[in-house]
Amino acid sequence: MLRTTRGPGLGPPLLQAALGLGRAGWHWPAGRAASGGRGRAWLQPTGRETGVQVYNSLTGRKEPLIVAHAEAASWYSCGPTVYDHAHLGHACSYVRFDIIRRILTKVFGCSIVMVMGITDVDDKIIKRANEMNISPASLASLYEEDFKQDMAALKVLPPTVYLRVTENIPQIISFIEGIIARGNAYSTAKGNVYFDLKSRGDKYGKLVGVVPGPVGEPADSDKRHASDFALWKAAKPQEVFWASPWGPGRPGWHIECSAIASMVFGSQLDIHSGGIDLAFPHHENEIAQCEVFHQCEQWGNYFLHSGHLHAKGKEEKMSKSLKNYITIKDFLKTFSPDVFRFFCLRSSYRSAIDYSDSAMLQAQQLLLGLGSFLEDARAYMKGQLACGSVREAMLWERNLKGREVLLCLVPSSLTLNSFLKLLEFLWQINSWQTLVRRTRDESISATECRQLCTHVYVQRLSECAEVTGTYVSGDGSEATLHGVVDELVRFRQKVRQFALAMPEATGDARRQQLLERQPLLEACDTLRRGLTAHGINIKDRSSTTSTWELLDQRTKDQKSAG
């Protein structure tokens, strides 16, 4: 069994020191009461106004996002309990918050320090480890690495730092001691420690408003009140444990995040995120623990909760306990990470979303269509494509007016919803397979439209949401590859143009020229098929114009097979 002695109290926050922000820089700022809240006043923070509005679960409405420090916003993300493979329900939440994080950093210029807590000791971990006849530490390490690989495969940025429960037991013990010292927790003769919920009074329930009644308790429970929750669990036979002032045991679930977040960020947190199922009791209990420990009115300023991923046609969420889940690894055997990210982007992060193969195929087709549209835009701006006209009245009536689209470019108004509207706008234009030509002053020209779509979608959506589709937008080797393919397609175009050109020849002379030049056309076709096998699709627009685009893996396989 693993044993540790009790460590020192909570020291200076680790990342504050690393960033040169010191504990003094993180004092609770003066706030002003704002109406709303779950039956209580919300204190609107003072500090740097980001220009973003976010839906805050604490108030049940959108609030201006104000971060305490100009240097960096503090963000705590509840991480996984690492006892099994991550599934798409997990992926949906982490991808959605990853998109929001990228928008905040790349569009609004917010530096973010994100901490993710990893639960690496837990009832489920212990049970699974016993079933596999390995140590809980080995099991947790295996699935933590598995989780990180899955997140990387889905292009989810890693947090600034991962912090594991088992590596912060002394800090957790000190945090529990602080809550006991303030009269809000008690230890029992059996070696358990519980949070005394009655001591919290009417301050409990900030997130959910009406607190659900307590569930039935085991007959041997040593709680004072049925609604009290565990801060420290006394060790059971053959379980991993740590030494503590109350006897051998291990932390309760809720206390882990409170202690870890406080260790890094102190008495104030800008953003806390997690799935909607964590709002109660997990986040509610975190708030109670931290506000008691820090003796503050408001510990976390903004709580962001993502909606569940449902199996289509069912009300139940995708979860391991319901055995209705699909692992990330299995999903990526069929679809690309870009398709999943685009699927997540097409709805509000707070909404429940139905998963199905048809929904994924639709997302894939939309993404490929947008990729093709962007390649057409690139070709048009290079002068490779001509511009036709469309019925602009229908364009603006069925979608957005030009000024509304351009409004998406204004940083102060740019939100995730703006991206969704812009995607609809792009898709509508793409469905007509043509370009817009200026016919009235209030419209935008073809050039402006293409520049708008390319710059906004590629630079803002592609970079922020990391949904690259079929567009190569990187630097270094990717940019070099893009240039090489451009030159190759240009060379092929000249060969093909020569092979098809019949200046003055007629009759037998023309037939002879066609026969002589046929090997050149065959070579052009062979080159196109060869590039398709490598994910590059050449489109011959006319006898004198060719463009190219990148394919995703499934389309590449289909074209190669064809």
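For the residue pair Tyr76/Asp270, the side-chain donor-acceptor check at 3.5 Å is not satisfied. For the residue pair Trp75 / Ser273, a side-chain donor-acceptor distance below 3.5 Å is found, with atom types taken as modelled. Looking only at atom types and distance, the side chain of Ser138 has no donor-acceptor partner in the side chain of Ser141 under 3.5 Å away. Side-chain atoms of Thr166 and Asp120 form a donor-acceptor pair, as typed in the model, at a separation below 3.5 Å. With hydrogens and angles left out, the side-chain atoms of His283 and His254 include no donor and acceptor closer than 3.5 Å.
Of the inter-residue distances, the one linking Ile118 atom CD1 with Ile260 atom CD1 reads 9.0 Å to the nearest 0.5 angstrom. Atom-to-atom distance recorded for Arg101:CZ and Tyr94:OH is 12.5 Å, nearest 0.5 angstrom. Annotation: the span from Ser244 atom OG to Ile169 atom CD1 amounts to 10.0 Å, rounded to 0.5 Å. With rounding to the nearest 0.5 angstrom, the CD1 atom of Ile287 is 4.0 Å from the CG atom of Leu207. Between atom OG of residue Ser57 and atom CD1 of residue Ile276 there is a gap of 5.5 Å, rounded to the nearest 0.5 Å.
Between Val193 and Ser187, some side-chain heavy-atom pair lies under the 4.5 Å cut-off. No side-chain heavy atom of Asp84 sits less than 4.5 Å from a side-chain heavy atom of Thr327. Contact annotation: the side chain of Met114 never approaches that of Phe97 to less than 4.5 Å [non-hydrogen atoms, C-beta and beyond]. Residues Met263 and Leu163 are in side-chain contact: their nearest non-hydrogen atoms beyond the backbone lie under 4.5 Å apart. Put simply, the side chain of Val52 reaches to within 4.5 Å of the side chain of Leu104, judged on heavy atoms.
In this structure, Arg200 fails the cation-pi test against Phe195, since its NZ or CZ atom is not both closer than 6.0 Å to the six-membered ring centre and inside 45 degrees of the ring normal. Within the cation-pi definition used here (under 6.0 Å to the ring centroid, within 45° of the axis), Arg61 does not qualify as a partner of Tyr55.
Classified by interplanar angle (parallel below 30°, tilted 30° to 60°, perpendicular above 60°), the ring pair His310/His308 is tilted.
Between Tyr302 and Trp42, the distance from one ring center to the other falls under 6.0 angstrom. A distance of 6.0 Å or more separates the ring centres of Phe335 and Phe340.
Asn192 places a side-chain N or O within donor-acceptor distance of the main-chain N or O of Ala234, the cut-off being under 3.5 Å. No side-chain donor-acceptor contact under 3.5 Å links Arg350 to the backbone of Gly307. Of the possible donor and acceptor atoms, none in the side chain of Ser111 sits under 3.5 Å from a partner among the backbone N and O of Ala72. Put simply, the side chain of Asn56 gets close to the backbone of Phe303: a donor and an acceptor are under 3.5 Å apart. Judged by distance alone, the side chain of Ser351 and the main-chain N or O of Ser347 form no donor-acceptor pair under 3.5 Å. At least one donor-acceptor pair closer than 3.5 Å links the side chain of Glu291 to the backbone N or O of Trp299. When atom types are taken as modelled, the side chain of Gln295 and the backbone of Val292 share a donor-acceptor pair closer than 3.5 angstrom. Not a single donor-acceptor pair under 3.5 Å links the side chain of Glu63 to the backbone N or O of Gln53. Put simply, the side chain of Lys233 never gets that close to the backbone of Gly252: no donor and acceptor are under 3.5 Å apart.
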side-chain hydrogen bond (donor to acceptor under 3.5 Å, both in side chains) between His272 and Glu286, intermediate numbers included: CA-CA 10 Å; His272 197 317; Glu286 282 185 61; 2.8 Å; yes
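Counting only residues at least two apart or in different chains, salt bridge (charged side-chain N to carboxylate O under 4.0 Å, His left out) contacts with residues 242-264 comprise Asp123-Arg250, Glu239-Arg250. Applying the ring-ring contact (aromatic ring centres under 6.0 Å, His included) definition to pairs two or more places apart or across chains, those involving residues 109-143 are His85-Tyr143.
Using a 4.0 Å cut-off between charged nitrogen and carboxylate oxygen, Arg341 and Asp338 do not count as a salt-bridge pair. Salt bridge status for Asp98 with Arg102: present, with a side-chain N to carboxylate O gap under 4.0 Å. A salt bridge is defined here as a Lys NZ or Arg NE, NH1 or NH2 lying under 4.0 Å from an Asp or Glu carboxylate O, and Arg164 with Glu167 meets this definition.
Across all their heavy atoms, Leu65 and Thr50 have their closest contact at O-OG1, 2.8 Å.
Around NZ of Lys127, the count of heavy atoms belonging to other residues, nucleotides or ligands within 6.0 Å does not exceed 12.
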